[in-house]
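Reading through the structure tokens given below for one structure.
Sequence lines set the chain letters: A, B, ... in the order given, protein chains first and strands last, and positions in each chain run from 1.
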Amino acid sequence: MAEPLLRVAGLTKRFGGLVANNAVGLEIGPGEVHALIGPNGAGKSTLVALVAGELFADAGAIVLSGRDVTNLGAHARARNGIGRSFQITSILGSFSVQENVAIAVQAHRGHSFRFWRAAEREEALNEAASAALRKVGLMSRAAAIAATLSHGEHRLLEIAMALAGEPKLLLLDEPTSGMGPKESRSLTDLFQELRGRYGMLLVEHDMDVVFALADRITVLASGRVIASGTPREIQADAAVRAAYLGDEDVPVERRHA
Amino acid sequence: MTTPKFTLALLALIAAAAVPWLGQPYLTRLATSVLILGIAATSLNIVVGYGGLVSFGHAAFLGIGAYTVGILGLAGLHSGFLGMPAAVAAAALAAFLIGGLSLRATGVFFIMITLAFAQMLYYAVIAAVPIGGDNGLRLDPVTFGSRVSLNQQTSLYYVSLVSLVAALYLCRRLVLSRFGRVLRGIKDNERRMISLGFFAYRYKLAAFVIAGGLGGFAGALFANLDAYASPELIHWTMSGDMLVMLILGGVGTLAGPVLGAAAFQLLQEVISSYTKHWMLFFGPLLLLIVLVSNRGVLGLVFREARRDG
């Protein structure tokens, strides 16, 4: 296979005595959806933060499209093609929905040390923002102030902001958390549409979503990779069933609020 | 900008332009200091109001601007074409150095570090005998060519008025530009902005430098108003006063700092004519305004529905 989109090797992160990630390794190919599952406290969000560059690893390497980004800050990694949505909604609440996405476009088009021309009138930014909003079905809310949106709409806005940066890799930290079943299903449909175009690292508790989307699954427990493989292999894996999925026939973990 | 606001601004401008015609030197002087304070508060508003960075050391840049004019005067250089840009450049350079270090901290640490830098400068200046020490530095107001001297009260007044209008226009363009959008975004949610690919530190530093430069300009005007560069301009109370003006007028609004400067100066003038303990009355009044309106005086006037409510 060609150069993977993302290669993580031997990644270790300690918080005091706690080893949140212990020699974690995984690879994501271009356009591949890679789900990351595991019980609460397994180190999933830590791994996402390490890949995003919000945290720095104590050991190990992160390679993005053949480039070692281990020592790059979060902003530089975003410029190298990482887009993300946060576990807890993170948007610019005082901005309009349109401007939230336009600023995400702005981050990747030209520089922002321009002090004179009104940014709101830059049609190239606005058009790209509208395209991203249309993609997630939020165009009708473009003029609304972002803080006034519903929870489900916030999650969609986050996805639109991530897409607007034209990333190669999407880090999706529990994108469906707090969503109703209907919203969750339409978001899954959206990811289906996007699959193949973006590599995705998907942290998700809803096993329906995971098994619907994932090309590969990595299971974390206590900071270690205990299994990695195709959805079928993971379902069949005895260690995974014992550690995580339990003995239920249909493994669906309860969503936490 | 909505029409009633624009009309009001125009009326205010006409009224302001008419002040020297009243022929009251005391009034003109008071109005000049309001204009200059308005520029100073506007410069601080760039970092505090739009960047969300509460700098408690902004007086340092006013002082550097004033002393630049004074020191050039000592060297026999009295041209405003040299003095004013030099004041801006010196203050901007200082802002680059102070901001470069203090912006590595956030929150209350940032407040304390900016305060510490300004106070260091204050004590350095009052110890520096060649530039007057704690007596400050007498100077000749600068001249622009052979015609205009800021020694003339009316000239200084109109230069200050034009400067304030220009500063407000610049500020508005800045806030709406790509740069200003990023700055406002960082104020709203810095973590998100970083994850979008913005190196937040650089934008904050640039804002700090712009604000410092404009503060230096205001300081240079103060030096001309008093024919004197005063160490009091650097003292922390000056930084505090400017923050009070912002709160009083409305943080993060265009007209707020100017209204705040006017209200501050006039209240000080009126109350202190009755008692020297003017702060005793001013304090509760400030508290009242903050409690009644979250956008300062401007919020009281326009009663805007908050956008981010």
Spatial distance of atom OG (A:S85) from atom CZ (B:R192) [nearest 0.5 Å]: 7.5 Å
Interatomic distance, A:N100 atom CG to B:D188 atom CG [nearest 0.5 angstrom]: 7.5 Å
Contact origin within [X] toward chain B - heavy atom pairs under 4.5 Å:
X	value
A:A102	both
A:L125	side chain
A:E158	both
A:R84	both
A:A104	both

Given B:M193, B:K187, B:R184, B:R181, the one that forms side chain to side chain contact (heavy atoms under 4.5 Å, CB included) with A:L92: B:M193
Option that, when pairs with chain B are counted at under 4.5 Å, heavy atom only, ranks first among A:G165, A:A119, A:A78, A:G53: A:A119
Leading residue by heavy atom contact count with chain B [cutoff under 4.5 Å; candidates A:R77, A:R121, A:E54, A:H108]: A:E54
Interface residues of residues 162-170 of chain B facing chain A - non-hydrogen atoms under 4.5 Å apart: B:Y169, B:L170
Heavy-atom check, side chain of [X] versus side chain of [Y], under 4.5 Å:
X	Y	value
A:F115	B:I210	yes
A:I103	B:L196	yes
A:R114	B:S177	no
B:R191	A:F86	yes
A:F113	B:Y203	yes
B:V182	A:Q106	yes

Neighbour count above 12 (heavy atom, 6.0 Å) for A:I88 CD1: no
A:R14, CZ atom: more than 12 neighbouring heavy atoms under 6.0 Å: no
Audit row: B:F198, A:H75, side-chain contact (heavy atoms from CB on, under 4.5 Å) steps and yes/no: CA-CA 5 Å; B:F198 293 106; A:H75 64 93; 5.7 Å; no
